[in-house]
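Reviewing the structure listed below.
These numbers come from the heavy atoms of this one structure, side chains and all, not from hydrogens, waters or symmetry mates. To find a chain, count down the sequence lines: A is the first, B the second, and so on, and within it residues start at 1.
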2 protein chains.
Amino acid sequence: MDPIGAPPGPLTPTVGLRPPERSDAARNRELLLTTARRLIEGDGIESLTMDGLAAACGVGKGTIFRRFGSRAGLFQALVDDSERSFQAGFLSGPPPLGPGAPPIERLVAFGRERLRTAAGQIPLLRAAERPAAERYAVPARHLAAAHIRGLLAQAGVEGDAPALAFDLLAILDSVVWLPDEDLTVMLPRIADSWEHIVRRLA
Amino acid sequence: MDPIGAPPGPLTPTVGLRPPERSDAARNRELLLTTARRLIEGDGIESLTMDGLAAACGVGKGTIFRRFGSRAGLFQALVDDSERSFQAGFLSGPPPLGPGAPPIERLVAFGRERLRTAAGQIPLLRAAERPAAERYAVPARHLAAAHIRGLLAQAGVEGDAPALAFDLLAILDSVVWLPDEDLTVMLPRIADSWEHIVRRLA
DNA sequence: AGTGCAACCGGACTCCGGTCCGTTTATTCC
DNA sequence: GGAATAAACGGACCGGAGTCCGGTTGCACT
């Protein structure tokens with residue numbers, strides 16, 4: 001059930017540093033991801049089945065589940081690239097997203113950038129949805145929450161920083177579930193209201 | 001796929017007033033709901049299968065899906081009772097939740113009451129989760145959003161009321177996905193931070 | 001090169017949500 | 001009461017996610 005051999009990075013803070021992937025496994029991972037991308041591009045996410053992907057790769061279904069743990073895990077892996085570059089952006093990129101700008105400006109930029117990133121891959125993010133128990137127990141989320149907490153603290157925002165960080169993250173996450181027809185009109189407005197709320201808290 | 005014959009009420013604003021349920025159908029609806037409640041109490045939601053429920057009721061599986069449309073729909077129906085009483089509370093109950101209190105106080109009470117209601121039935125709410133497309137296209141959500149918009153307007157809160165309402169609802173919805181072990185410690189803090197945010201907006 | 005072993009692979013199998021359609025039953029109108 | 005009709009019923013059936021385990025293969029060590 002647990003995916004194994006994931007590449008390292010802020011997204012997956014490999015604590016117990018596992019032994020590296022075997023070369024055939026790495027090759028299959030790449031093959032699966034690129035093939036999945038191709039199939040999705042052609043027919044959409046809905047119609048991608050694990051059997052289908054396995055067949056298209058000339059691989060057994062067990063291989064997919066060994067690598068990614070679940071259907072959702074596969075899509076998570078597809079999202080990881082942009083997730084990592086987003087993380088790099090707010091951890092060490094140029095201001096106002098990265099260090100150097102005042103904390104409130106960074107927080108505003110963080111929200112806007114997150115919304116922009118999410119908007120570009122909503123079907124993928126929906127398909128990467130985990131069941132309840134794991135949903136919030138994910139490294140990427142912890143990192144984002146810690147970042148927000150830190151900025152709130154730096155800005156001297158009063159109140160319960162962890163709880164506020166949770167609330168703010170909830171706002172950013174929720175756009176994934178906007179009905180498609182509302183997306184184009186609501187996204188910029190939600191970005192603006194994010195800024196509004198953040199500044200009000202300061 | 002579509003559930004039919006649902007009882008009327010603010011939760012399901014029956015516009016085209018459908019013909020009433022046939023009596024056998026109503027009996028089966030009741031039987032299914034009470035049996036489902038009993039089975040859940042015994043073994044938890046996870047282990048309730050539609051085949052199992054059908055068998056326990058001495059009913060065909062088709063009957064369940066005709067009534068509730070999907071597994072999620074069944075759990076939605078189980079949640080509807082408390083949902084309706086929550087709606088009654090903020091639409092016409094006593095202040096500060098109902099009419100009569102200042103809008104900001106009502107908004108604070110709304111959030112606290114919603115969180116309390118949700119906390120009492122988190123497993124049910126998780127199981128009632130709809131797939132992406134329908135998630136936000138639900139009468140109960142529209143009603144809640146409209147209510148928040150109205151209160152924001154009454155309070156003279158500046159900013160984009162629909163977008164703010166969306167953001168605020170996102171906060172309330174997100175507690176459902178808190179990992180169980182964080183729930184008891186985080187819930188009251190999230191309630192407080194709700195109040196904090198709402199007052200900051202005013 | 002040879003060997004031991006852990007990791008990997010494949011695909012048949014299980015389980016469950018959801019559909020379909022022939023049959024049964026409540027209701028309505030004579 | 002009896003016939004006509006629409007709704008409800010039941011359970012066989014289907015598709016797809018996830019599991020399992022016997023067989024295979026890369027890798028480290030000698």
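Between the side chains of B:Thr63 and B:Asn28, no donor N or O sits under 3.5 Å from an acceptor N or O.
Residue A:Asn28 places none of its side-chain N or O atoms closer than 4.0 Å to OP1 or OP2 of C:dC8. Regarding contacts with the backbone of D:dC9, a side-chain N or O of B:Arg67 is found under 4.0 angstrom from either OP1 or OP2.
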Are there any protein N/O atoms within less than 3.5 Å of an N/O atom in nucleotides 27-29 of chain D, and if so, which ones and at what distance?
unit_1: D:dC27; atom_1: OP1; unit_2: A:Ser23; atom_2: N; d: 3.2
unit_1: D:dC27; atom_1: OP1; unit_2: A:Ser23; atom_2: OG; d: 3.1

Taking N or O atoms only and anything under 3.5 Å, show me the protein contacts with nucleotides 28-30 of chain C, one pair per line.
none

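If you check C:dT19, C:dC16, D:dA17 against the side chain of A:Phe65, the one that comes closest is D:dA17. Taking every side-chain heavy atom of A:Lys61 into account, C:dG11 is the closest of C:dG11, C:dG10, D:dG10.
When rounded to the nearest whole Å, the span between CG of A:Leu53 and P of D:dA17 equals 10 Å. Rounded to whole angstrom, the span from the CD atom of B:Glu46 across to the P atom of C:dC15 amounts to 17 Å. Distance CG (A:Asp51) to C1' (C:dA12): 11 Å, rounded to an integer number of Å. In this structure, CZ of A:Arg66 is placed 11 Å from C1' of D:dC21, rounded to the nearest angstrom. Between the CZ atom of A:Phe68 and the C1' atom of C:dC8 there is a distance of 14 Å, given to the nearest Å. Put simply, CZ on B:Arg71 is 5 Å from P on C:dG17, counting in whole angstrom units. The CG atom of B:Leu74 sits 11 Å away from the P atom of C:dG18 (whole-angstrom rounding). The nearest whole Å value for the distance from the CD1 atom in B:Ile64 to the P atom in D:dA12 is 15 Å.
Using a 4.0 Å heavy-atom distance criterion, B:Gly58 is classed as a sugar-phosphate-only contact.
The shortest heavy-atom contact between B:Leu48 and B:Ala36 is CD2-CB, 4.4 Å.
Dense packing is recorded around CD of A:Glu181, with more than 12 heavy atoms of other residues, nucleotides or ligands lying under 6.0 Å away.
If you find the closest nucleotide of DNA chain C to B:Gly62 and to A:Gly60, the one lying nearer the 5' end belongs to A:Gly60.
Relative ring orientation between A:Phe86 and A:Phe110 is described as tilted, the plane-to-plane angle lying within the 30° to 60° band.
Summarising the geometry, atom CD belonging to A:Glu195 is positioned 7.0 Å from atom CG belonging to A:Asp192; distances are rounded to the nearest 0.5 Å. A distance of 10.5 Å separates CD in A:Gln87 from OG in A:Ser92, rounded to the nearest 0.5 Å. A distance of 4.0 Å separates CG of B:Leu172 from CH2 of B:Trp194, quoted to the nearest 0.5 Å. With rounding to the nearest 0.5 Å, the separation of CG in B:Leu107 from CG in B:Leu97 is 10.5 Å.
Between A:Glu113 and A:Arg116 a salt bridge is recorded (basic side-chain N to carboxylate O distance below 4.0 Å).
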